[in-house]
Amino acid sequence: MMRDIRLLNQKFIPGTLIGPFTQANPGLGGVCTFVGEVRCDDDVEALELTHYEPLTLPGMHLLADRAFARFDLMGLLMVHRVGRMRPGEPIVCVSAAARHRRDAIDTVDFCMDHLKSAAWFWKREKRAGAWHWIEPREQDHADLARWQAPVGDT
Amino acid sequence: MMRDIRLLNQKFIPGTLIGPFTQANPGLGGVCTFVGEVRCDDDVEALELTHYEPLTLPGMHLLADRAFARFDLMGLLMVHRVGRMRPGEPIVCVSAAARHRRDAIDTVDFCMDHLKSAAWFWKREKRAGAWHWIEPREQDHADLARWQAPVGDT
Amino acid sequence: MITVVLLGKLADLGGAPALTLAAPLDWAGLRAALPASLVEALDDPRNRVAVNGALLADRSALQAGDGDEIALLPPVSGG
Amino acid sequence: MITVVLLGKLADLGGAPALTLAAPLDWAGLRAALPASLVEALDDPRNRVAVNGALLADRSALQAGDGDEIALLPPVSGG
């Protein structure tokens, strides 16, 4: 079982992680991968992600534990940038290997929804030379609620 | 808008398609990719996918049209193998680039469900030297039904 | 001549991936000309019929002439 | 000494990413010792409080001694 959970404070190239991850899970049925990049929105010059060491990485490990408990997984890669980034740079890469595609796709969906609205990150954007904190999005909370089954949720 | 729909009758390396595809969609928010491989099941020695030229590739283009109509997409890559494959070889690669992760992930989910149960492929496996045709799986039909909204389905 | 393409396990039933039949053919003519091993499959509504790459909504309306290609398509088993 | 770490926009409100206060501190002591600009944020239940990396279920029960780290965590804005 391959499990690779990381916070990175430097630019990374998703392809260099995904190739070895796929190779490390022989016999799989499928691999689903999501890579999020800093969007080239209008006037955004830079983005900064702050984390809190004692909570952020342990929180990602807990999320990985929940994914392994909930889905039939062979491997999980979850890498998140912190620090300052420019438009076009990767922020996050989640890759799940499983025997069946539904587990691989749902795991990526599940992890991304949680990273987006329940992980310990704070984001601010630089526009016209000034930094602005980003507030949580309603849509992110709605996405997260999809995973909260009334009974038996792991 | 990047759109790359292909049937391949030779082994392919998904990484060589995904890298250029991502590069071709600057400004995106996220890319979701699914790669399916021939599973290393018990005693499967080989797998053969048959297609019917006048229906299979046009059907994949129609599926791409529906994905572009249904989701807010920047680009779509859909590559499918035909012919004989061995365990561990990639069969299918679907990659979707979008401004928002939900569109990217849902597009991959949508395309995979349709490729698995509504695309013109016939599959047989070689076990202990003999070929066996694979019947459609109930689960695949259930997966497909998720996309059939009662009203307004495109 | 008319080519009849047999997909998936219908190729096994027919003993070949394609057969050649004399033109023209309507539905009754096709049923009469195909090997007995295929007639049951021909009547199974889960198996679709296409002429020159166009699926027939009503297979009994089949009309094929010289140079046409008829395809017999069993349920797909997924990519 | 007690370190108070201010995350996200609370760092702007507090004027620094971290403050140092004299130990020990309970909830009333923390409210009294922090800059006025932070007291309103401190009372907002959407902002969470952690001591040494453990979130407090009941912030009014806060007890921090010498060497402890208090974190004030506004709502996360997503990765």
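Just the heavy atoms: all of them, side chains too, but no hydrogens, waters or symmetry mates, feed the values below. Chain A is the first sequence line, chain B the second, and so forth, proteins listed ahead of strands; every chain is numbered from 1.
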* **Those residues of residues 64-71 of chain C, ordered by number, that approach chain B below 4.5 Å (heavy atom to heavy atom)** => E69(C), A71(C)
* Do you know the tightest heavy-atom contact between P54(B) and G53(C)? -> CB-CA, 3.7 Å
* Asked: At a heavy-atom separation under 4.5 Å, does L55(B) approach chain C through its side chain, its backbone, both, or neither?
  -> side chain
* Side chain, backbone, both or neither of W133(B) within contact of chain C (heavy atoms, under 4.5 Å) -> side chain
* Asked: Hey, is CZ on R84(B) packed in by over 12 heavy atoms from elsewhere, all under 6.0 Å?
  -> yes
* Find the one option among A11(C), G8(C), P17(C) whose heavy-atom pairs under 4.5 Å with chain B are most numerous. => G8(C)
* In this structure, which one of W120(B), Y52(B), F121(B) forms a side chain to side chain contact (heavy atoms under 4.5 Å, CB included) with V76(C)? -> W120(B)
* Structure fact -> The interface call for P74(C) against chain B, heavy-atom contacts under 4.5 Å, is both
* **Atom pair OG1/CG of T56(B) and L7(C) - distance to nearest 0.5 Å** => 7.5 Å
* **Per-residue contact mode, H51(B) against chain C (heavy atom under 4.5 angstrom)** => backbone
